Colleague: 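Dropping the structure in here first, questions after.
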Amino acid sequence: MNSKKFVGGTGTDNGRGGVPYWQTKHLDQMTPAEWEGLCDRCGRCCLMKLEDEDTSRIYATDVGCRLLNDQTCQCRDYENRHEVVTDCVQISASAVADLTWLPMTCAYRLIDEGRDLYWWHHLVSGDFDTVHVAGISVKGRIFEEDAVPLADLENHIVDWPFKDLPGPDKTVRATHVKKSPNTQKNC
Ligand code: SF4
Ligand code: SF4
């Protein structure tokens, strides 16, 4: 999960003739503030995942990482997360295409695939709550990591975190070429 900084609102003009930055820039062209502002705070990437050892397929569960706040859907210790949760994966512009477990609705994935943001993204709606109102965030629908024994994790596999939704359309921005899947599995 990424930061808490809000960057602009509906129709943000970033000096590009009124076109929002996420419709014109590739991920690797964004400023740190723009990058952090892109996170929709859904918390879906912070769910525990399981990997099938035979097929390498990744399954999502409805169990949150121990640092995930199930109400705000944000990391409780974002600055120090890698010290606390050592397998928390850093999302970067160059890594997004390889992170096949990123939710289909993840803003980083959408932009990397040349798609626009959904209406409920705070950069479009101007409201951080719309990700919850739209039922996209994990708010109120997950279990805490400490409450679920590892052996029971398989019984918590759910499909909603990885489901695609209709829209949004492709933008005029060129897409990045997809690379081969890998097996990373947290955050
Ligand atoms: S899935 Fe993507 S948009 Fe949602 S919290 Fe994680 S990084 Fe942010
Ligand atoms: S430490 Fe956990 S809650 Fe925090 S960003 Fe990583 S996976 Fe998400």
Side-chain angles (χ1 to χ4, degrees), residues 1-8 20-22 27-28 30 32-51 58-113 115-125 127-148 150 153 156 158-165 168 176 184-187:
M1 189 154 76
N2 278 264
S3 83
K4 294 79 187 135
K5 188 169 181 181
F6 183 82
V7 182
Y21 73 87
W22 64 89
L27 293 175
D28 58 8
M30 294 181 184
E34 288 171 341
W35 171 270
E36 294 291 336
L38 200 55
C39 178
D40 66 13
R41 307 181 178 190
C42 69
R44 289 185 175 212
C45 61
C46 300
L47 297 174
M48 302 285 288
K49 288 170 270 301
L50 288 169
E51 179 184 11
I58 305 277
Y59 296 87
T61 72
D62 60 2
V63 179
C65 164
R66 81 187 71 134
L67 285 186
L68 180 62
N69 182 316
D70 72 346
Q71 292 302 304
T72 65
C73 305
Q74 295 178 68
C75 186
R76 289 191 177 96
D77 193 3
Y78 187 70
E79 296 305 319
N80 303 304
R81 65 195 186 284
H82 294 300
E83 283 76 59
V84 181
V85 178
T86 53
D87 57 355
C88 174
V89 176
Q90 177 79 44
I91 299 175
S92 66
S94 59
V96 168
D98 285 336
L99 301 179
T100 57
W101 46 260
L102 277 178
M104 300 299 287
T105 55
C106 173
Y108 298 97
R109 181 174 187 140
L110 291 171
I111 299 306
D112 192 60
E113 294 178 349
R115 296 169 71 184
D116 207 344
L117 300 178
Y118 286 93
W119 68 268
W120 39 259
H121 194 288
H122 61 85
L123 289 175
V124 179
S125 68
D127 183 350
F128 281 119
D129 275 342
T130 45
V131 71
H132 307 306
V133 172
I136 298 302
S137 78
V138 301
K139 185 174 183 176
R141 63 203 299 198
I142 59 172
F143 295 83
E144 291 188 6
E145 180 177 350
D146 292 342
V148 179
L150 203 54
L153 207 50
H156 284 266
V158 287
D159 61 0
W160 56 262
F162 288 167
K163 267 193 177 166
D164 200 5
L165 300 172
H176 284 187
Q184 295 184 65
K185 57 170 186 176
N186 207 351
C187 179

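Start at 1 and go down the list; that is how both ligands and their atoms are numbered. Since we're looking at a predicted model, the values are computed, not measured.
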Colleague: I'd like to check Leu117 versus Leu38 (side-chain heavy atoms, cut-off strictly below 4.5 Å). Are they in contact?
Modeller: yes

Colleague: Report the member of Cys73, Gly43, Cys46 with the shortest heavy-atom distance to atom 8 (Fe) of ligand 2.
Modeller: Cys46

Colleague: Counting only heavy atoms closer than 4.0 Å, does ligand 2 sit against the backbone of Val85, its side chain, both, or neither?
Modeller: side chain

Colleague: Heavy-atom contacts with Leu67 under 4.0 Å: which atoms of ligand 2 show up? List them by number with element.
Modeller: 1 (S), 3 (S)

Colleague: So which bit of Ile91 gets within less than 4.0 Å of ligand 1, heavy atoms only: side chain, backbone, both or neither?
Modeller: side chain

Colleague: Would you mind listing which atoms of ligand 1 come within a distance below 4.0 Å of any non-hydrogen atom of Cys45?
Modeller: 1 (S), 5 (S), 6 (Fe), 7 (S)

Colleague: Within a distance under 4.0 Å of any heavy atom of Pro103, pick out the atoms of ligand 1 and give their elements.
Modeller: 1 (S)

Colleague: Using modelled atom types and a 3.5 Å cut-off, is there a donor and acceptor pairing between side-chain atoms of Tyr118 and backbone atoms of Thr105?
Modeller: no

Colleague: Does the side chain to side chain contact (heavy atoms under 4.5 Å, CB included) test come out yes or no for Phe143 and Asp70, once each step is laid out?
Modeller: CA-CA 8 Å; Phe143 295 83; Asp70 72 346; over 6 Å; no

Colleague: Describe, in one word, how the ring planes of Phe128 and His122 are oriented to each other, choosing from parallel (under 30°), tilted (30 to 60°) and perpendicular (over 60°).
Modeller: tilted

Colleague: Please could you name the atoms of ligand 1 that Ala107 approaches to less than 4.0 Å, counting only its heavy atoms?
Modeller: 3 (S)

Colleague: Look only at the side chain of Thr61 and the backbone of His156, and say whether a donor-acceptor pair between them is shorter than 3.5 Å.
Modeller: no

Colleague: Quick check: does any side chain N or O of Arg141 sit under 3.5 Å from a backbone N or O of Gly135, one acting as donor and the other as acceptor?
Modeller: yes

Colleague: List ligand 1 atoms under 4.0 Å from Cys106, heavy atoms only on the residue side.
Modeller: 1 (S), 2 (Fe), 3 (S), 7 (S)

Colleague: Would you check if atom 6 (Fe) of ligand 2 lies under 2.8 Å from any N, O or S atom of Cys88?
Modeller: yes

Colleague: Of all residues at least two apart in sequence or in a different chain, which pass the salt bridge (charged side-chain N to carboxylate O under 4.0 Å, His left out) check with Asp159?
Modeller: Lys163

Colleague: Nearest to atom 4 (Fe) of ligand 1, which N, O or S atom of Asp40 do we find?
Modeller: OD1

Colleague: Could you list the atoms of ligand 2 found under 4.0 angstrom from a heavy atom of Leu68?
Modeller: 3 (S)

Colleague: Pick, from Gln90, Met48, Arg81, Lys49, the option with the minimum heavy-atom distance to atom 5 (S) of ligand 2.
Modeller: Arg81

Colleague: For a 4.5 angstrom cut-off between non-hydrogen side-chain atoms, does Ile91 reach Trp35?
Modeller: yes

Colleague: Show me which atoms of ligand 1 lie under 4.0 Å from any heavy atom of Cys42.
Modeller: 1 (S), 4 (Fe), 5 (S)

Colleague: With a cut-off of 2.8 Å, does Cys39 put an N/O/S atom close enough to atom 6 (Fe) of ligand 1?
Modeller: no

Colleague: Quick one: does His82's side chain have a donor or acceptor within less than 3.5 Å of a partner on Cys88's backbone?
Modeller: yes

